[in-house]
Structures are given as structure tokens and as C-alpha cells.
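Report on the following structure.
The first residue in the sequence is number 1, and the count goes up from there. Atoms considered below: every heavy atom in the structure, side chains included; atoms not considered: hydrogens, waters and symmetry mates.
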Amino acid sequence: MIIDQRGCGHSLPYACVEENTTWDLVADIEAVRRMLGIEKWLVFGGSWGSTLALAYAQTHPERMAGLVLRGIFLCRSSETAWLNEQGGVSQIYPHQWQQFLAPIPEHKRNNLIAAYHELLHGEDEPGRLKAAKAWADWESYLVRFEPKEVDEGAQESLAIARIETHYFVYQGWLQGDKAILNNINQICHIPTIICQGRYDLCTPMQSAWELAQAFPEAELRIVQGGHSAFDEGWIRR
């Protein structure tokens, strides 16, 4: 079973960020479990879903039969800086980085997350859609080991762009960069597998490594692939 989180997929209202925080999503997951009458379940999450799965598990450890995590992201400032600041993954795809910068005036490029957040949540609809397309194109380009051009339209890009900037600005409503790592003791008894692409440019290996060091009871599996579960390395695995 896959859950469309608030504002995404088939969830309505589309691209809405009101009453949309990590802890609202944790409550949603728990509401689904109760609705289905499941006593304990195995929770899977990839990328941002790994953050959410860990937050849910630390909130409701008694409901966990196991955890499977892929492409580890802990919603830390170092991770968002890697994605959205000069000197991170921008050095690997400089041409696409210039396209990512294009919607933002030069005097606002010292804080791209804040600048994108302002555009994406503003009243200028053409500017909002242009920013949504640029944000989604940049991230979509990073997820594949062999990148492909993105054909998703601006309106379709709006949810991921608005919601990601909303979460990044508020640092996921977590209590600091170490919030998840500092609470591993609450879930160390839960059978857990951590799967990570060695060449993942979207959520690099470092976070998976640090999670495994804090959580030695978990099994770390490294795949010779990138971020996308559709990369050949993941499929072979």
C-alpha cells in the first residue's frame, strides 16, 4: 500500500501547504493504520519517505514490525545545502544549475531555498509556475544515474516544488539536524534494512553511513546505482 501524502498525488487540495507538517503526516500514517485495523506493520520509505518513515517509527515504535529505508535523507541543513547551494551537486551539473538559477534574481541567490519559497508561495502565477518547473527539473535531473530530460509540465511540478520548499524552510519541523540520529534508541529493537545507492547525487551516501553508525543493529546494503529505484543497479539488486 502506498499513501499519497498531503498535497501530493491524488491528495486534495493539490499542492496545499496549510496544516502540512512532518507531524501532520505522521498522524496521517497512524490514522491509516488504525483505519485498516493493522496491529503492526512494515514501513517502507525512500528519499524524503525515509525521513518520514523514521519520524513515524520513533513516534509509534510499538506499531512497527520492521523498517525498509532507501536513499537516506534526514532533512538536515547540510543535505539541503548540497542540493540547493553553490558548491554542492551544482559542480557536477553546471549547465542544469544555471537553469535552476534562472528564475531567481541575482540579488536573491545567496539563499535559494528562501527565494524559491517566496516565488512558489507568491501571488504571481506565471512566476510561480516558472519556478515550479525549474525546481522540479533540477531535482528530477539528479535522481537518475544516467539523467533524462524531464517532460513534466509546470502545473504537475507545482506540488513537489511548493511542498519541498515549505519543508526545507522549516527544516522539516525537526528539533535540529541531529533530531533523528539522537533518537535511534527508540527504534533500535526494530528490524531495519538501509538501502543506499553508492552514486546517489540526490541523497548522497554520507547520510546513510551516519544513520548506520548511529543504528548498528540495522543492516546497511549498498547498491552500485544512483537515487532512482529504476536505475539498473537497483533493478539488478
Side-chain angles (χ1 to χ4, degrees), residues 1-76 79 143 159-160 162-164 166-168 170-175 178-197 200 202-203 207-208 210-223 225 227-231 234-235 237:
M1 180 186 64
I2 298 175
I3 302 169
D4 285 346
Q5 75 175 55
R6 296 186 184 204
C8 301
H10 297 288
S11 178
L12 297 174
Y14 178 74
C16 179
V17 297
E18 294 179 13
E19 297 182 353
N20 194 331
T21 73
T22 301
W23 307 113
D24 289 316
L25 302 184
V26 166
D28 289 345
I29 297 170
E30 179 61 6
V32 170
R33 184 199 63 77
R34 291 197 306 268
M35 180 185 69
L36 296 174
I38 298 171
E39 183 65 23
K40 288 189 175 186
W41 57 358
L42 177 111
V43 175
F44 166 79
S47 194
W48 155 249
S50 70
T51 320
L52 187 53
L54 285 161
Y56 173 81
Q58 290 179 351
T59 306
H60 299 284
E62 74 284 358
R63 299 304 180 188
M64 299 297 300
L67 269 170
V68 178
L69 308 169
R70 180 193 64 79
I72 303 305
F73 180 69
L74 302 176
C75 210
R76 300 183 294 177
E79 295 166 314
V143 300
I160 189 170
R162 291 192 83 216
I163 293 172
E164 280 195 348
H166 174 63
Y167 274 71
F168 287 178
Y170 291 101
Q171 296 181 302
W173 291 271
L174 300 172
Q175 300 301 310
K178 294 286 188 178
I180 289 175
L181 296 179
N182 286 345
N183 288 292
I184 291 299
N185 63 306
Q186 298 177 17
I187 61 170
C188 60
H189 62 285
I190 297 170
T192 298
I193 297 174
I194 302 167
C195 302
Q196 178 67 35
D200 187 335
C202 192
T203 57
S207 292
E210 290 181 33
L211 177 61
Q213 296 307 295
F215 193 175
E217 296 84 358
E219 177 186 352
L220 174 62
R221 298 182 183 179
I222 300 172
V223 175
H227 187 70
S228 173
F230 298 101
D231 280 346
W234 286 98
I235 294 170
R237 182 74 180 191

Please tabulate, for side-chain N and O atoms in residues 8-17, each donor-acceptor pair with protein atoms closer than 3.5 Å (sequence neighbours left out).
residue, atom, partner, partner atom, Å
Ser11, OG, Gly7, N, 3.3
Tyr14, OH, Gln155, O, 3.0
Tyr14, OH, Glu156, O, 3.0

Tell me, do Leu25 and Tyr167 make a side-chain contact under 4.5 Å, heavy atoms counted?
yes

What residue pairs, at least two apart or across chains, pass salt bridge (charged side-chain N to carboxylate O under 4.0 Å, His left out) with a residue in residues 41-68?
Glu39-Arg63

So with a 6.0 Å cut-off around CD of Gln213, is the heavy-atom count from everything else above 12?
yes

Within this structure, what is the CD-CG distance for the pair Gln186 and Leu54, rounded to the nearest 0.5 Å?
11.5 Å

Ile29 CD1 to His60 NE2 distance, which is reported to the nearest 0.5 Å:
8.5 Å

What closest approach, in Å, do Ala208 and Ile194 show between heavy atoms, and which atom pair accounts for it?
CB-CG2, 4.3 Å

Backbone N/O of Ile38 and side chain of Arg33: donor-acceptor pair under 3.5 Å
yes

Close side-chain approach of Ile187 to Thr192, heavy-atom, < 4.5 Å:
no

I need the Leu52 CG to Cys75 SG distance, nearest 0.5 Å.
10.5 Å

Here the gap from Gln58 atom CD to Asn182 atom CG, rounded to the nearest 0.5 Å, amounts to 9.5 Å

Using the salt bridge (charged side-chain N to carboxylate O under 4.0 Å, His left out) rule, collect all pairs that involve residues 1-11, keeping only residues at least two apart or in two chains.
Arg6-Asp28

Do Tyr170 and Thr22 make a side-chain contact, defined as non-hydrogen atoms from C-beta onward lying under 4.5 Å apart?
no

Can any side-chain N or O of Arg70 pair as donor or acceptor with the backbone N or O of His227 at less than 3.5 Å?
yes

Do Thr203 and Gln196 come within less than 4.5 Å of each other through their side chains, counting heavy atoms only?
yes

What closest approach, in Å, do Ile184 and Ala214 show between heavy atoms, and which atom pair accounts for it?
CG2-O, 3.5 Å

Does any non-hydrogen side-chain atom of Arg76 lie less than 4.5 Å from one of Leu181?
yes

Would you confirm whether Thr51, through its side chain, and Phe73, through its main-chain N or O, come within 3.5 Å as a donor-acceptor pair?
yes

Any chance you could lay out the side-chain contact (heavy atoms from CB on, under 4.5 Å) test for Asp200 and Val223, step after step, and finish with the verdict?
CA-CA 10 Å; Asp200 187 335; Val223 175; over 6 Å; no

Where do Gln5 and Ile163 land on the side-chain contact (heavy atoms from CB on, under 4.5 Å) test, with the steps shown first?
CA-CA 10 Å; Gln5 75 175 55; Ile163 293 172; 3.9 Å; yes

Could you state the interatomic distance from CD1 (Ile160) to CH2 (Trp48), rounded to the nearest 0.5 Å?
12.5 Å

Could you tell me which non-hydrogen atom of Ile190 sits nearest to which non-hydrogen atom of Phe215, and how far apart they are?
O-CZ, 3.9 Å

Working to the nearest 0.5 Å, report the span between CG of Leu69 and CD1 of Ile193.
9.5 Å

Is the side chain of Trp173 donor-acceptor paired with the backbone N or O of Trp23 at a distance under 3.5 Å, no angle test?
no

